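So that the names make sense, note that chain A is the first sequence line, chain B the second, and so on, each numbered from 1. Predicted model only: the values in this text are computed from it and were never measured.
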Amino acid sequence: MKKNSLIRFIARRVSTAVDNPVSTSTWRFYCSHSPPSSSSPPPNSKLFVAGLSWSVDEKSLKDAFSSFGNVSEVRIMYDKDTGRSRGFGFVHFSKEDEARCAKDAMDGKALLGRPLRISFALEKVRGAPVVVPRLPST
DNA sequence: CGTGAGCGT
């Protein structure tokens with residue numbers, strides 16, 4: 001019976017294909033749960049700039065980053081008690097490309113003697129409490 | 001005189 005030998009032939013081809021590491025290597029299953037892609041954060045126009053010196057103010061930071069794009073906002077967190085800056089701030093750019101360029105260019109560089117640590121800012125919005133449009137109580 | 005990792009009103 002030639003049909004039987006043909007089936008065994010195909011079965012052998014299938015088994016070899018399964019055992020083939022190059023064939024199995026393409027069978028990777030990706031689950032789209034929540035892979036903590038810390039290395040690829042979604043780039044925003046907002047940059048988190050840390051590693052700042054305690055003598056750095058917003059205008060110095062803006063002047064340092066205004067060379068890479070249009071800085072729309074520069075915010076440095078200051079300590080209300082000691083009055084000294086916490087050494088980290090946020091730089092808002094007009095475009096994500098500018099922010100990415102500035103990050104790639106200024107990250108690791110030094111400003112006022114201290115190396116800068118730049119990363120994309122988390123969209124942490126505070127305030128702006130959800131105001132519920134209340135209908136006239138009548 | 002030193003301080004230092006980090007995510008904000």
Test of understanding: with ring pair (Phe, Tyr, Trp, His ring centres under 6.0 Å), list the residues that count as partners of A/F68, not counting sequence neighbours.
none
Hey, does A/F120 reach any base, or is it just sugar-phosphate, or nothing, if we go heavy atoms under 4.0 Å?
base
Checking all strands, does A/L47 fall into the base, sugar-phosphate, or nothing category for heavy-atom contacts under 4.0 angstrom?
nothing
Can you find a pair of side-chain heavy atoms, one from A/D63 and one from A/S60, that are under 4.5 Å apart?
no
Specify the separation, in whole Å, of atom CG of A/D79 and atom C1' of B/dG6.
14 Å
Can any side-chain N or O of A/D107 pair as donor or acceptor with the backbone N or O of A/I118 at less than 3.5 Å?
yes
Rounded to whole angstrom units, what separation is found between the CG atom of A/D107 and the P atom of B/dG6?
14 Å
Just how far, in rounded Å, is C1' of B/dA5 from CZ of A/R114?
12 Å
For the side chain of A/S85 and the backbone of A/Y78, is there at least one donor-acceptor N/O pair under 3.5 Å apart?
no
Could you tell me the separation between the NZ atom of A/K46 and the C1' atom of B/dC7, rounded to a whole number of Å?
12 Å
Protein-nucleotide distance (A/I118, atom CD1; B/dG6, atom P), rounded to Å:
16 Å
Which nucleotide sits closest to the side chain of A/M77: B/dC7, B/dT9, B/dG4?
B/dT9
Heavy atoms within less than 4.0 Å of DNA chain B: which residues of residues 60-75 of chain A have one? Give them sorted by number.
A/R75
Gap between atoms CG and P, on A/L122 and B/dG6 respectively (whole Å):
13 Å
Measure from CG on A/N44 to C1' on B/dC7 and round the result to the nearest Å.
12 Å
Return the minimal non-hydrogen interatomic distance between A/R114 and A/G51, and the atom names on each side.
CB-O, 3.6 Å
For the side chain of A/W54, starting at C-beta, report the closest nucleotide among B/dG6, B/dT9, B/dG4.
B/dG4
Using a heavy-atom distance cut-off of less than 4.0 Å, which residues of residues 81-98 of chain A contact DNA chain B?
A/R84, A/R86, A/G87, A/F88, A/F90, A/H92
Check whether the ring centres of A/F88 and A/F48 lie less than 6.0 Å apart, and answer yes or no.
yes
Do the charged groups of A/K95 and A/D97 touch, with an N to O distance under 4.0 Å?
no
Rounding to 0.5 Å, atoms NZ (A/K103) and CG (A/L116) come to a distance of 12.0 Å
Rounded to the nearest 0.5 angstrom, the CD-CD distance for A/E73 and A/E58 is 7.5 Å
